[in-house]
Amino acid sequence: MAFRKLCTICLAGALALFSVTCKKQSENVIKIGALFAVTGGASFLGAPEANTAKMLVDEINAAGGINGKKIELIIKDTGSSPEKAVSFAKQLIEEEKVLAIVGPSTSGETMKIKSICDNAKVILISCAAAEVIVNPVAKYVFKSPQNDSQAAEKIFDTMKQMGITKIGIINDNGGFGIAGRDQLKKLAPKKGITILASEEYDSKATDLTGVLTKLAAKKVQAVVNWSIVPAQSIVPKNMKQLNMNVPLFQSHGFGNIKYVKEAGKAGEGIIFPCGRLLVADQLPDNHPQKALLVKYKKDYESKYNEEVSTFGGHAYDAITILFEGIKKAGVAETDKVREAIENLKGFAGTAGIFKFSATDHCGLDINAFEMLTVKDGKFVLYKK
Amino acid sequence: MTFEHVLQYLLAGITIGSIYAIVAIGFNIIYNTTGIINFAQGEFLMVGAMTAVTFSRLVPLPLAIAIGIAVTVAVGVLIDFVFIRNLKKPTVLNMIIVTIGLSIIIREVALHVWDEKVRSLPYFTGDEISSINILGAYISPQALWVLGICATMVVLLNVFFKYSVMGRSMRACSANPVAARLCGINTKNMVTMSFVLSAAIGALAGCVMSPITQTQYDCGTSLAIKGFTVAILGGLGNSTGAIIGGLIVGILEEFSISVMPLAYKDAIAIAILLLIMFFRPSGLFGKQEVSALKEF
């Protein structure tokens, strides 16, 4: 009996102590949630994003945190599934009571949680690119990658220089692929480009010779493949196998050197719009992004022993924008941080120079893009 | 449509169809000796290819593929020894649920052993940019490897089941397990052998298609679904049916692209399947009397 009593007292004591420490912790810690597609179809995006986020948070905590408070990062792997993104977002908001959520990696996932975050008044800084994420603007939703409409514009401008007017489009059936195709279709008439065929494939597609044969039969002058899935390496291979010798354009979803490695020799000559991270060493020394890009590239590559990708860069931007917002606001209060982010002007990130406003929650313009191509298995600036 | 385009679709259809056929034959071998559908069949392809990719950096390609097959066979045998052989009441439903569970476990283990990244074996001959001109249509040399290896496997399997003692014993098990046991055939060993065989051909198919289709920890599922469709279409347990079914589905899928949006490609296979199930429930080549004897 005495033993039981002792146990109860101990337990009660432990609980009391625990709740005290918990409370104490929450005062000194800023909780940030992160949703990344570390596994699944978009793993080439999510894995470097998660790595980058961990690296940055460790860095800032080692330097004493922000405004004297440590950052606690809670990363959830969505497995590239919008359904999981929704349930994890709810968990982060309701149970963990995070200040902000960084991610998700893909546009499809982001669109599913856009209104959830906005209604719950939790800041969301997405690492996905589709313009629909910030257009129409939701008060609490931002994104760090460049807009797909600007990528489309950049591609069409390059096509015009090359004298290409008749094209075929293929895209994956994820959120990013569909949104990109819509932008291409919207913009094509204005730029004097005719779309002869537009086809959509399953994100898990492994063989696309059939649909490429269809495009070849329509005598397209170039193929645009808008996707973030591994099909980005399958399309160039299939084109070479079919002896299709027209240029292949891809989206800014191609910015991971692993896609190039998978495509092997077939990857040579692919043209795509992208931020400057992948060609950091080729930039002039006085470029405002150069120092930051070189540092991130060096830090990431020495820490994780793999080549840097633009996707990790999007997480870098999302996290640094959030940190800057918290610093500027002085307190970790949602509305003040949100306002501080909206007022960031000329903030250099990996994707470009951010200039946010109440109507622009992307903050990047077409100048954030360069056209890149693949030469000898490496990314280089595209020159006509 | 010009002749070249027709030929091009046909070649693409035959290539992808023969992969479906091999997966379906894997289903059939195990179905014939146990009466169950092994839903981990797609994972055999993945494990084989992933292992081979890992070893291809250390040893020559043929040896790496051999190691891939050996590891997959070991996994197959392990599955049988641990889960199937010792089931107290091995009802068909129990065993099917076991294989579904196993497919999920294998996938998760693969995710941890390797990682989420896509990888592929090097091309057996030539590389990513080589293509062979056949009467105006173009095909990758790897596609010829796929066709050649699939055809060889089918011939060898047929010879094995027709002429070798073990092959005939396995067929005896499929015809009537009780009678087979009375004749002195160790049916449990035959079940193990069926796992060995279908793991081996699955792994080889996974390796040979890997340069074209790439391999990822979760690539087995969609192949298994297509393979299952084909197996049902051809008549469960019937190897000739599997080959013809595979070719039908592959070729129809590719030709459907030429007239319909690509998005409907997968619907084609399922639509054919539904029609067949409606008019010939035991499949194209299945016999009604045979399927009546099976539990499933």
State the [atom1]-[atom2] distance between [X] and [Y], to the nearest 0.5 angstrom.
X	Y	atom1	atom2	answer
Leu208(A)	Ile212(B)	CG	CD1	12.0 Å
Thr209(A)	Leu11(B)	OG1	CG	9.5 Å
Thr15(B)	Gln241(A)	OG1	CD	9.5 Å
Ser140(B)	Lys240(A)	OG	NZ	13.5 Å
Asn243(A)	Ile129(B)	CG	CD1	11.0 Å
Glu306(A)	Lys117(B)	CD	NZ	5.0 Å

Is the shortest side-chain N to carboxylate O distance from Asp218(B) to Lys204(A) below 4.0 Å? yes
Tell me, side chain or backbone of [X] under 4.5 Å from chain B's heavy atoms, or both, or neither?
X	result
Lys214(A)	both
Asp207(A)	both
Phe44(A)	side chain
Lys258(A)	side chain
Ala263(A)	backbone
Ser233(A)	both

Pick one of side chain, backbone, both or neither for [X], based on which atoms fall under 4.5 Å of a heavy atom in chain A.
X	result
Pro141(B)	neither
Leu262(B)	both
Ser120(B)	both
Gln216(B)	side chain
Leu111(B)	side chain

Would a 4.5 Å heavy-atom cut-off, applied to side chains only, mark Arg119(B) and Glu262(A) as touching? yes
Is there a side-chain contact between Lys237(A) and Tyr123(B), using heavy atoms and a 4.5 Å cut-off? yes
Greatest number of heavy atom pairs closer than 4.5 Å to chain B - which of Gly40(A), Ala231(A), Ala47(A): Gly40(A)
Against chain B, work out which of Glu268(A), Lys261(A), Met244(A), Glu200(A) has the most heavy-atom pairs shorter than 4.5 Å and name it. Glu200(A)
How about [X]: does its [atom1] atom have over 12 heavy atoms from other parts shown lying under 6.0 Å from it?
X	atom1	result
Lys112(A)	NZ	no
Asn305(A)	CG	no
Lys303(A)	NZ	yes

Among the options Gln214(B), Glu253(B), Glu254(B), pick out the one with the most heavy-atom pairs lying under 4.5 Å from chain A. Gln214(B)
So His5(B) and Thr213(A), side chain to side chain contact (heavy atoms under 4.5 Å, CB included) or not? Walk me through it. CA-CA 7 Å; His5(B) 289 136; Thr213(A) 307; 4.1 Å; yes
Do any of residues 49-56 of chain B have a heavy atom less than 4.5 Å from a heavy atom of chain A, and if so, which, in residue order? none
